[in-house]
Amino acid sequence: MLLAFLGTRSASFGNSCLLPLLFDQDLAFSGNRKFEEMSAKPKLYYFDGRGKMESIRWLLAAAGVEFEEEFLETRDQYEKLLQDGVLLFQQVPMVEIDGMRMVQTRAILSYIAAKYNLYGKDLKERAVIDMYVGGTEDLMGFILMFPFLSAEDKEKQRAFIVQKATSRYFPVYEKVLKDHGKDFLVGNQLSRADVQLLEVILMAEEYKPDILAKFPLLQSFKARMSAIPNIKKFLQPGSQRKPLADKNAVAKVMKIFY
């Protein structure tokens, strides 16, 4: 059986890290296989944690879309999905939506954004949104691997995350907000770029609570986005937003995918 992991290298130090398939990375689009829709709500297949599915949860929540989740709790559940042939590239996330079984995170996010008017008003705006999302995805990648590192490597990665956020990524979005002069990153309405930027800001704050200290426009952006009703609801306790993974959650993921 194909091993359920990807080999990825952390840019903060030279060691290779083997990450579970919760970290899919390709742009490939799938999910064309039709199935009998059991519910009008999208259904998400993943473990009970953040990983690559969290951005999908965020975008559905921002769109005001209710969704169901089927958590992978055992290796047997994962292997059954493989045997049934529903995981096109033998990895999750997978989302059942509109008669499709979709895999590959970027494809899923693009579909949701287009379906719920979170992808700009024209092709040019969509291209700009994709550029900004690419930056947030880069930063998220550094953060998502953190729970799976050794204690020594975690300290290096924490410093690396803060350094990259404050010197490469957040200055860009601060300038975008200044130059654009609007409440949102692109055009004058909410897009997936705004949603994913807020998500990564909150993630980065978990590693350095004052990480926005030198970015006043991002501070205001965070406050505005957090006050949008659908997003505000998602940020409340008891929502489908997942907490930062602890060692028990990591052990459970490793048991499922290895």
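Quick note: numbers below take in every heavy atom, side chains included, and nothing from hydrogens, waters or symmetry partners.
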Under 3.5 Å, which donor-acceptor pairs link side chains of residues 200-211 to any protein atom two or more places apart or in another chain?
from   : atom 1 : to     : atom 2 : distance (Å)
Glu205 : OE1    : Lys222 : NZ     : 2.9
Glu205 : OE2    : Lys222 : NZ     : 3.0
Glu206 : OE1    : Arg50  : NH1    : 2.9
Glu206 : OE2    : Arg50  : NH2    : 2.7
Lys208 : NZ     : Asp210 : OD1    : 2.5
Lys208 : NZ     : Asp210 : OD2    : 3.4

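Using a 4.5 Å heavy-atom cutoff, the side chains of Phe160 and Phe146 are not in contact. Looking at Glu137 and Arg106, their side chains come closer than 4.5 Å, going by heavy atoms from C-beta outward.
For the atom pair CD1 (Ile112) and CG (Leu60), the distance works out to 4.0 Å, reported to the nearest 0.5 Å. Interatomic distance, CD of Glu125 versus CG of Asp130, reported as 12.0 Å (0.5 Å rounding).
Phe71 and Ile108 fall into different hydrophobic clusters, defined by Ile, Leu, Val, Met, Phe, Trp and Tyr side-chain heavy atoms under 4.5 Å apart, directly or through other members.
The local environment of CD in Glu152 is sparse, with at most 12 non-hydrogen atoms from other residues, nucleotides or ligands closer than 6.0 Å.
Residues in residues 246-258 take part in these salt bridge (Lys or Arg N to Asp or Glu O under 4.0 Å) pairs, two or more places apart or across chains: Glu73-Lys252. Residue pairs satisfying the ring-ring contact (aromatic ring centres under 6.0 Å, His included) criterion with at least one member in residues 48-69, sequence neighbours excluded, are listed as follows: Trp58-Phe234. The list of ring-ring contact (aromatic ring centres under 6.0 Å, His included) pairs with a residue in residues 174-203, not counting sequence neighbours, is empty.
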Full working for salt bridge (Lys or Arg N to Asp or Glu O under 4.0 Å) between Glu54 and Lys242: CA-CA 7 Å; Glu54 190 70 355; Lys242 307 307 180 203; over 6 Å; no

Trace of the salt bridge (Lys or Arg N to Asp or Glu O under 4.0 Å) decision for Arg101 with Glu96: CA-CA 5 Å; Arg101 288 190 174 105; Glu96 291 180 352; 3.4 Å; yes

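Partners of Lys232 under the side chain to side chain donor-acceptor pair (under 3.5 Å) rule, at least two apart in sequence or in another chain, do not exist in this structure. Here Val172 pairs with Val176 under the side chain to side chain contact (heavy atoms under 4.5 Å, CB included) rule; sequence neighbours left out.
By the 30° and 60° cut-offs, the orientation of the rings of Phe257 relative to Phe47 is perpendicular.
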